Amino acid sequence: MGILEVSNVNKRFGGLQALGDVNLDIAQGTVHAIIGPNGAGKSTLLNVLIGKLVPDTGTVMFDGKSVLGRKPYEINQMGISRVFQTPEIFGDLTVFENMLIPCFAKRDGTFRLHALESIASEKGIIEKAEQMLSDVAMIDKRGMTASSLSRGDKRRLEMAMCLVQEPKLLLLDEPTAGMARADTNNTIELLNHIHESRDITMVIIEHDMHVVFSLAKRITVLAQGSPLVEDTPENIKGHPKVKEAYLGEAAA
Amino acid sequence: MLGLSKKDTTFLVVVIFLTLMTPILLQPFPEGSVLAQFNAGYPDLMQRFAIYGIFAIGFNILFGLTGYLSFGHAAFLGVGSYSVVWMYKLLGYNVVPGLLLAVVTAGLFALLIGYISLRRSGIYFSILTLAFAQMSFNLAYSVLTPLTNGETGLQVYTDDPQILMGAGSPNSPHFFGIVMNESAKIDVGGWQFTFNNGYYFCAIIAIIVFYLSLRIFRSPFGIMLRAIKTNQTRMTYTGLNPRPYTLAAFVISGMYAGLAGGLLASMDPLAGAERMQWTASGEVVLMTILGGAGTLMGPILGAGFIKYFENIFSKINDDILHTWFAALPDGLEDAIVFMVHPFIGKGWSLTLGLLFMMVVIFLPGGLIEGGNRIWRLVTGRSRNRNTPGKDAQHHPKPTAHVN
Ligand SMILES: Nc1ncnc2c1ncn2[C@@H]1O[C@H](COP(=O)(O)OP(=O)(O)O)[C@@H](O)[C@H]1O
Ligand SMILES: [Mg+2]
């Protein structure tokens, strides 16, 4: 039994079948990539997993518990963190303050009235946030306002904010889109390092095949809302159906 | 010290110094000089500075940090005043029980109104709070007359129980015998300084609650509130529930407002429904935005600014104008007085409206931003003459998140 089990999930938007009978079983500790053309329903699937959308039918089990019907913040507290396709960060706050928030959320839960405690005295939290910023090579930008960061840095910051929560499952929606080659390689290295050192299960949506094949242990190809095939990277590379539905398009 | 960083401690010390020296600092012109009318060191005006400062500090915790714009905070001001006067009537003129009750009732009231209003955000939230405040006003004005004495306003009568009043107790609001409306007047040269008990009582409370707000700004809770303002989506998907955070901010700011309302009644033992009217709610919004929402000092500056100019402008009348412009030829003098007339006396709100529009358009960050711009201009020029201002853009430096 995997850490995440998606069974018979359907989601329609008006007449559009965004997800049709999706079944997915993601093993604990793996890196699972979901690929597919634009509009295939990849982001919609992640939205279902984090409680942003409720599917019309089907079940989603995480760590033996149902995700459906729970509030997004409860699902996060269960151990699912997500990096969005367009970075969601706290634009008016500094990079460092952005890092503090997930650290507090991890330690204190969904709400705590710590109105008279000083941040400066939270040594453990500060250390953790700084360590994470160093890990993603952003410690020198700690005082910058997050909205002034480059797109690549915003994404990296968001990733760091998710990682510092030490989630059991990390969902990444096109984490390297808009990044320069060097940044992409750094991200691959970072994710590989995180995966090896912390035993985090990852589901990664990615267009860049270089990234997919550098990270994924298994790949699901999604087309028009339904899984086409699921296999190891080696087998996916040569799969005729996949070439037709996706890789052909990417190569063109 | 006191759980503050070195910088904040210095800041607090400066604020304490300025607050305690106010009766001297606001009296720059000698008595009898033409400019004496611009002095502001009068007890009732200084009391208003401190009290509306408290109101604005609390409002800023909600609006400045979370961005939720309440248009109904005057309701809590009124609740605070009624609480204090009731304690006068039942117990006696010591202000302490009343102020405690004011903070507690305003807090409970805010819990109820906030719980309902915070189900919505943006303009709908503002409208809900406005609706609640107008309901409170109407209740106080008519329906709840037994509690509020309706139009007349709540006041102390000789046949009230006042069970804690001894034979020697002061017959006006006091703090364990320190009578609020008593002052010491000191003449130095041509200057007269008034050290009023009521002002110092309000000032010390203002310092305490300012200190608390400083702590809140620097706390994890303060960061959460600012996070709510910038991205609730990220907050939710980071495992945090924004609702209790905003509710807590709402209740805290309601308690500040209740305290301010209680202090108004501690200076002058009266409470009327008009204190809850929407204009009073709007005023604290103006104070906060005018001074600089989300900054520590801004709302206090805004409150002082509005209360000071309200006092000056509403005192000026046509006769005073004529003496000012007496040197001009008669026709011109009359023309100027005619043009200025709508902006003075009862026309003060017109002036305030114009000032407010100018600040919002030209200084969106409020008076604090104006101060910062001047500061940058001065320091930027003195540091590098060749490339003024460019440095900040190309090499972003870490800056303090609130100032
Ligand atoms: N909230 C929504 N309302 C209506 N249609 C949506 C919504 N979200 C996604 N869709 C549609 O569902 C389809 C799948 O979208 P998406 O999951 O974003 O695809 P992708 O695989 O590119 O991430 C698209 O046709 C998109 O237009
Ligand atoms: Mg997508």
Side-chain angles (χ1 to χ4, degrees), chain A residues 50-52 71-84 87-98 100-122 125 140-149 158 161-162 164-165 167 171, chain B residues 1-9 61 64-67 211-249 251-253 255 293-294 392-402:
Chain A
I50 61 165
K52 194 175 179 187
K71 296 267 192 303
Y73 52 82
E74 293 168 339
I75 295 175
N76 175 278
Q77 292 284 356
M78 288 167 75
I80 304 184
S81 287
R82 170 174 181 184
V83 177
F84 286 81
E88 292 280 359
I89 52 173
F90 302 108
D92 296 346
L93 272 53
T94 65
V95 167
F96 183 62
E97 287 168 336
N98 267 272
L100 291 177
I101 289 169
C103 294
F104 284 122
K106 170 86 181 167
R107 191 193 67 185
D108 300 335
T110 57
F111 172 73
R112 182 170 155 204
L113 187 63
H114 30 29
L116 293 179
E117 286 144 56
S118 133
I119 289 169
S121 67
E122 302 277 9
I125 296 264
D140 53 325
K141 301 195 171 91
R142 56 176 286 165
M144 281 174 72
T145 307
S147 61
S148 69
L149 293 173
E158 192 187 15
M161 288 163 72
C162 289
V164 82
Q165 287 196 303
L171 309 174
Chain B
M1 204 182 81
L2 292 167
L4 296 177
S5 69
K6 222 173 171 177
K7 205 177 135 209
D8 284 340
T9 311
I61 291 174
L65 292 182
T66 70
Y211 165 72
L212 290 178
S213 102
L214 188 57
R215 290 288 297 261
I216 291 174
F217 266 62
R218 303 291 187 244
S219 71
F221 178 71
I223 287 207
M224 295 301 174
L225 298 185
R226 286 164 53 229
I228 287 174
K229 185 176 181 177
T230 143
N231 192 341
Q232 280 206 38
T233 307
R234 180 27 89 200
M235 193 162 177
T236 315
Y237 295 112
T238 304
L240 294 158
N241 184 359
R243 187 79 64 78
Y245 282 102
T246 42
L247 185 58
V251 171
I252 292 171
S253 75
M255 289 161 84
Q393 258 185 344
H394 294 287
H395 308 281
K397 289 193 194 86
T399 46
H401 38 74
V402 273

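Below, chains carry the letters A, B, ... as their sequence lines are ordered, and counting in each starts from 1. Keep in mind that what you see is a predicted model, and the values were worked out from it rather than measured.
- When heavy atoms are compared at a cutoff of 4.5 Å, I89(A) approaches chain B solely by way of its backbone atoms N, CA, C and O.
- F221(B) has its side chain within reach of L113(A): a pair of non-hydrogen atoms, C-beta onward, lies under 4.5 Å apart.
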task: I would like to know whether Y73(A) and L240(B) meet side-chain contact (heavy atoms from CB on, under 4.5 Å); could you show each step before the answer?
output: CA-CA 5 Å; Y73(A) 52 82; L240(B) 294 158; 5.6 Å; no
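- For chain B, the nearby parts of A115(A) are the backbone and the side chain; heavy atoms of each come within less than 4.5 Å.
- Counting heavy-atom pairs under 4.5 Å between each of M78(A), R112(A), K141(A) and chain B puts R112(A) at the top.
- A salt bridge links E97(A) with R226(B): the closest approach of a Lys/Arg side-chain nitrogen to an acidic carboxylate oxygen falls below 4.0 angstrom.
- Contact record, E122(A) with P220(B): OE2-CG, 4.0 Å, taken as the closest heavy-atom pair.
- Side chain of T230(B) to backbone of G91(A): a donor-acceptor contact under 3.5 angstrom is found.
- With sequence neighbours left out, D140(A) forms a salt bridge (charged side-chain N to carboxylate O under 4.0 Å, His left out) with no residue at all.
- With rounding to the nearest 0.5 angstrom, the CZ atom of F217(B) is 12.0 Å from the CD1 atom of I119(A).
- Counting heavy-atom pairs closer than 4.5 Å to chain A, the top residue among I252(B), L225(B), L212(B), I216(B) is I216(B).
- Contact of A227(B) with chain A is made through backbone and side chain together, with heavy-atom distances under 4.5 Å.
- Between the side chain of R218(B) and the backbone N or O of S118(A) there is no donor-acceptor pair closer than 3.5 Å.
- For R234(B), the side-chain contact (heavy atoms from CB on, under 4.5 Å) test picks out F84(A), E88(A), F90(A), E158(A), M161(A), C162(A), N231(B), Y237(B), T238(B), with sequence neighbours left out.
- I50(A) touches chain B through backbone and side chain together, each having a heavy atom under 4.5 Å away.
- Here M235(B) contributes atom CE and T110(A) contributes atom OG1; the two are 10.0 Å apart, rounded to the nearest 0.5 Å.
- Here the closest heavy-atom approach between residue F104(A) and residue M224(B) is recorded as CB-CE, 3.5 Å.
- For L214(B), no part sits under 4.5 Å from any heavy atom of chain A, backbone or side chain.
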